[in-house]
Amino acid sequence: MNAKDGFRKFLHSPWVFLVLFAAVLLLVNLIGGTNNYSMEINYSEFLKMLDEGEVASVVVTNDTLTITPKSHGINQPAIYTTKVVNNDALVGELRAANVEFSAKTPAQPISILDIVMSASSLLLMGLMIYWLVSIWRATRSKGENGKSSGLGGFGGFGFGKSTAKQFDVQNTTTRFTDVAGQDEAKESLIEIVDILKNPGKYTSVGAEIPKGALLVGPPGTGKTLLAKAVAGEAGCPFFFVSGSAFVEMFVGTGAARVRDLFQQAAKKAPCIVFIDEIDAIGKKRDGTGLGSNDEREQTLNQLLAEMDGFDPEKGIIVLGATNRPEILDKALLRPGRFDRRIPVELPDMKGREEILQVHARKKTMAPGINLKRVADATPGASGADLANILNEAALACVRDGRSSVTQADLDKATEYVLAGSEKKSMVISPEEKRIIAYHEIGHALVALKQGGAPVRKITIIPRTNGALGFTMQADEQEHVLQTKEDLKNRLQVLVAGRAAEELMFETCTSGASNDIERATAIARNMVTRFGMSDTIGLMALDTVVDPYLDGSLKSNASEEAAAKVEAEMKRLISEAYEGAMKVLKENASTLNHLAEYLLMHENITGEEMVQLVEEEKKTAVMEPADAAM
Ligand code: NHX
Ligand code: ZN
């Protein structure tokens, strides 16, 4: 923009208009109605008018007379003023001439206060206008831009126009190689990159160019990263906006922002527009609810209109991200809108290892690091969790003053991310420490005897997540299916902590609450979703609400069925408890041995545990022989 343009823009700016308007108003205020055509005359001329009976009335202000004549011609002044030469005889003369007269105190000089008062009231008025216009502009969902509106130049106010803060445009350097463990999602997105690079290739065969795709998956799986990588690979700008940013402030600003987003995107096309948490605006329009719902619907309607409106050949591709696809409005998923759905799932074991490798590339790692060990111990972890583990490991290494990340750093960081940091200062009585040790060994021993996933670590050092101790299991292979036996075994391990407490101390504690919650959840799933109870049969009495979120269930069961479900759950958990108790009774000496060792050392690794159990076995076999001697 050159200087001349800039100046013209400045002149056209409504702010200049407003300031000028204010100045004029102020001036008018100051002069205050004395703009009648008046003429100053000599005192002698006034006396002459008085003698000739032409004066109707006189107002005396200090030494000035304001004279209103009885009549005046078109070109004659309506008011005369004059300075009094000698005031003494004036009253008598006025009375003699039968003229109306009065006195007036002189007008106060205009004070600073007056100016401030009128200026601030003007400012207030200006703000009022600004506010009204901004609401008006925002509510207006039709009309392409501010210029075509009735307010003309008011477009320059920037009402409802998004600034850089509302959405973020970047030229990203992210590439697909920065995204690990999402091979299928990448494959779907590679096509979008190609479309952005060579749209002609697609249009020449008559293929419709997709306008949008929906990235669906749990939090932390890298949906934003994938979208960025698409922009990076295609070498085009990346517009980032969060769906929740559209649904705040005044009613209607959301729609205005959507409009503006697409205007800006059109200027930079080809480009990627990424709308995170699109469920915030894309919720089903059910017509229920008040106020805010209207706002959301308008925003959604505007988004739909924009997506229908732009020319796909221009090369704007809208990527939306959500972890609640079920609640999206069907209109959003129609062809020509977000018609593609790209699942971005939690990584499997191999994916986790790949993600760890990507993050490890950016850190100085000691030689011979086993990342698979971390991957094994973190089922269900997202990409973000894994990145966090590696970062915590790097931080720990710096804290210790070392120059590379070791396996020990990684193991500690894994524990930290899963259970929080150690609460070493927490004071626990020796009796309670004993209960905690037996509880944990209960879990570990039953897990060991089952021969399933090996025990990785047992600890009785309390953690900041509230756990007084924990037993960590890590399988070296991951299963896509879980058999009924797998789940029953899991139940047994979970209730074994409580079983050990009962067995050793003939009482129980509140500490098992978390174990019980988890066991109950597994038992419920077995009965109401997996068809693993003969009494209930193959019925889906529960459905998962948000499959990509915490796995909470919605029950479809009748009251009678619910009672049966609970009876079945109780049976499963009780059976598991009996099983665990049997294992612990049969291995009571091992339980004692391990628990005492744990009390002394506070931590036991999986290998140590196996070794301790082996040693215990040998001495147990030797004991009868010793006795015979
Ligand atoms: C309390 N905490 O809440 C005390 C401080 C029975 C030896 N009054 O089962 O620590 O009772 O095998 C993640 C995982 C809270 C978060 C477990 C938050 C457990 C844990 C309750 C061991 N290990 N219980 C266990 C335990 C407790 C709790 C958690 C959590 C205890 C038990 C916590
Ligand atoms: Zn427990």
Side-chain angles (χ1 to χ4, degrees), residues 377-381 385 388-389 392 412-450 452-475 487-523 550-552 573-574 576-581 583-584 587 590-592 594-606 609:
T378 49
D385 297 333
N388 192 14
I389 288 178
E392 284 299 334
K412 271 209 131 144
T414 309
E415 271 173 44
Y416 172 76
V417 169
L418 295 181
S421 52
E422 292 179 347
K423 246 181 2 192
K424 284 227 164 95
S425 64
M426 192 173 181
V427 182
I428 299 170
S429 70
E431 301 82 58
E432 285 182 311
K433 233 11 188 197
R434 269 183 86 76
I435 297 180
I436 297 169
Y438 275 91
H439 175 107
E440 296 311 330
I441 297 297
H443 289 303
L445 194 56
V446 170
L448 183 84
K449 292 292 164 192
Q450 281 174 358
V455 172
R456 160 90 40 107
K457 172 157 182 170
I458 314 163
T459 177
I460 53 169
I461 299 172
R463 296 281 167 161
T464 46
N465 71 347
L468 299 168
F470 65 83
T471 300
M472 193 163 117
Q473 273 179 282
D475 207 342
L487 292 167
K488 280 185 165 179
N489 281 344
R490 186 89 198 104
L491 285 180
Q492 246 187 34
V493 171
L494 281 170
V495 298
R498 162 58 68 84
E501 290 175 37
E502 278 254 41
L503 181 63
M504 294 311 300
F505 305 100
E506 284 166 349
T507 182
C508 51
T509 70
S510 60
S513 59
N514 188 259
D515 295 336
I516 294 171
E517 264 171 49
R518 283 154 70 187
T520 308
I522 291 173
D550 59 3
S552 57
I573 295 172
S574 300
Y577 189 80
E578 298 309 323
M581 191 60 104
V583 173
L584 293 178
N587 298 279
T590 317
L591 176 64
N592 277 314
L594 287 173
E596 297 305 329
Y597 186 91
L598 180 59
L599 265 174
M600 259 166 56
H601 294 83
E602 295 201 306
N603 293 311
I604 303 184
T605 65
M609 183 188 175

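Remember, predicted model here, so these are calculated numbers, not experimental data. Both counts, for ligands and for their atoms, begin at 1 and track the order of listing. Both backbone and side-chain heavy atoms feed into the values below; hydrogens, waters and symmetry mates do not.
- Among all heavy-atom pairs drawn from Ile389 and Ala413, the shortest one is O-CB, 3.2 Å.
- At under 3.5 Å, a nitrogen or oxygen of His443, whether backbone or side chain, sits near a nitrogen or oxygen of ligand 1.
- The nearest heavy-atom contact from the protein to atom 15 (C) of ligand 1 is Gly466 O, 3.5 Å.
- Distance from atom 18 (C) of ligand 1 to its nearest protein heavy atom, with residue and atom name: Asn465 O, 3.4 Å.
- Contact atoms of ligand 1 toward Ile436: 7 (C) (distance under 4.0 Å to a heavy atom of the residue).
- Heavy-atom distances between Asp515 and ligand 1 reach below 4.0 Å in at least one pair.
- Below 3.5 Å of separation, one finds an N or O of His439 facing an N or O of ligand 1.
- Ligand 1 has a nitrogen or oxygen under 3.5 angstrom from a nitrogen or oxygen of Gly511.
- Protein non-hydrogen atoms do not reach within 4.0 Å of atom 3 (O) of ligand 1.
- From the protein, the heavy atom lying nearest to atom 23 (N) of ligand 1 is Glu440 OE2, 2.8 Å.
- The 12-atom threshold is not exceeded at NZ of Lys412, counting heavy atoms of other residues, nucleotides or ligands nearer than 6.0 Å.
- Annotation: side chain of Arg434 is in contact with side chain of Phe505 (closest heavy-atom distance under 4.5 Å).
- In terms of protein heavy atoms, atom 5 (C) of ligand 1 is closest to Leu468 CD2, 3.8 Å.
- Between His601 and Tyr597, the ring-plane angle classifies as parallel under the 30° and 60° cut-offs.
- Residue contacts with ligand 1 do not include Gly497, since none of its heavy atoms lies under 4.0 Å from the ligand.
- Between Ala500 and Tyr438, the shortest heavy-atom contact is CB-O, 3.3 Å.
- With the Zn ion (ligand 2) as the vertex, atom NE2 of His439 and atom OD2 of Asp515 span an angle of 100° (nearest 10 degrees).
- Residue Phe470 has no nitrogen or oxygen atom sitting less than 3.5 Å from a nitrogen or oxygen atom of ligand 1, judged on distance alone.
- A donor-acceptor pair is defined here as one N or O able to donate and one able to accept, closer than 3.5 Å; such a pair exists between the side chain of Glu501 and the backbone of Thr509.
- The nearest protein atom to atom 20 (C) of ligand 1, hydrogens excluded, is given as Gly469 O, 3.6 Å; this is a heavy-atom distance.
- Distance check for atom 8 (N) of ligand 1: every protein heavy atom is found at 4.0 Å or beyond.
- If you run side-chain contact (heavy atoms from CB on, under 4.5 Å) between Ile460 and each of Leu468, Leu599, Ile441, Thr471, only Leu599 comes through.
- Listed by number with element, the atoms of ligand 1 under 4.0 angstrom from any heavy atom of Asn514 are 14 (C), 17 (C), 19 (C), 30 (C).
- An N or O contact shorter than 3.5 Å is missing between Ser513 and ligand 1 by distance.
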